[in-house]
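Okay, structure first, notes after.
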Amino acid sequence: MNSLAFIARRALRPADNATVNLRCYCPPPSSSSLAPNSKLFVAGLSWSVDEMSLKDAFSSFGEVTEVKIIYDKDSGRSRGFGFVHFSKEDHAKCAKDAMDGKALLGRPLRISFALERLRGEPVVVPRITNIGDFSRRNT
């Protein structure tokens with residue numbers, strides 16, 4: 001058995017007299033028309049990079065449907081990261097492979113696939129009831 005799986009199983013094992021109820025929630029299907037991995041997270045942007053220059057840098061890999069740079073609310077200056085949406089997943093993969101580590105306006109880019117925002121979505125939480133004696137915990 002994989003040692004990591006053993007550790008996880010042991011950590012999740014309830015006490016002998018405890019009852020575990022797992023509640024599993026599935027998030028609603030995404031209403032986005034984009035493929036799940038067609039959005040790239042781009043970090044390491046220079047403050048002088050704008051949406052147009054970022055789109056120009058990535059458009060050679062495929063159709064870019066949206067570019068968004070995140071700005072600081074107080075100063076209005078770029079926070080140094082943004083997102084590039086492609087129309088197809090394979091275009092995003094090619095762009096990630098080609099541009100990760102490459103310099104744009106003097107700064108190396110760090111690129112990964114963007115994760116879906118989790119804010120407001122339900123979380124899976126194990127519920128343990130009737131927790132018993134802690135003296136037998138490591139047996």
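For S59, there are no side chain to side chain donor-acceptor pair (under 3.5 Å) partners, not counting sequence neighbours. Considering only residues two or more places apart in sequence or on other chains, F81 meets the ring pair (Phe, Tyr, Trp, His ring centres under 6.0 Å) condition with F41.
Under the 4.5 Å side-chain heavy-atom criterion for grouping Ile, Leu, Val, Met, Phe, Trp and Tyr, W47 is not connected to L104 through any hydrophobic cluster. One hydrophobic cluster holds both F113 and V64 under the rule that ILVMFWY side chains link at heavy-atom gaps under 4.5 Å.
Residues S78 and S46 share a closest heavy-atom pair of OG-O, 4.5 Å. Here the closest heavy-atom approach between residue I111 and residue M99 is recorded as CD1-CB, 3.4 Å. Across all their heavy atoms, G101 and P108 have their closest contact at O-CB, 3.9 Å. Minimum interatomic distance between A98 and F61 (heavy atoms only, all atoms of both residues): CB-CE2, 3.4 Å.
A cation-pi arrangement, defined by a distance under 6.0 Å to the six-membered ring centre and an angle within 45 degrees of its axis, is present between K39 and F83.
Under the 4.5 Å side-chain criterion, counting only non-hydrogen atoms from C-beta, Y71 is not in contact with R79. Side chains of I69 and E51 form a contact here, defined as non-hydrogen atoms less than 4.5 Å apart. Put simply, the side chain of K93 does not reach to within 4.5 Å of the side chain of F86, judged on heavy atoms. Side-chain atoms of E63 and T65, non-hydrogen and from C-beta on, do get closer than 4.5 Å to each other.
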L40 vs F58, side-chain contact (heavy atoms from CB on, under 4.5 Å): CA-CA, chis, key distance, verdict: CA-CA 10 Å; L40 296 178; F58 282 88; 4.3 Å; yes
Step-by-step side-chain contact (heavy atoms from CB on, under 4.5 Å) determination, K102 to L109: CA-CA 6 Å; K102 299 290 191 256; L109 299 177; 5.7 Å; no
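Between the side chain of N37 and the main chain of E89, no donor-acceptor pair closer than 3.5 Å is present.
Once rounded to the nearest 0.5 Å, the distance linking CG of L105 with CG of L45 reads 9.0 Å. Expressed to the nearest 0.5 Å, how far OG of S38 lies from NE2 of H85 amounts to 7.5 Å. The OG atom of S48 sits 9.5 Å away from the CZ atom of R107 when rounded to the nearest 0.5 Å.
Judged purely by distance below 3.5 Å, without hydrogens or angles, the side chains of S53 and D56 never pair a donor atom with an acceptor atom.
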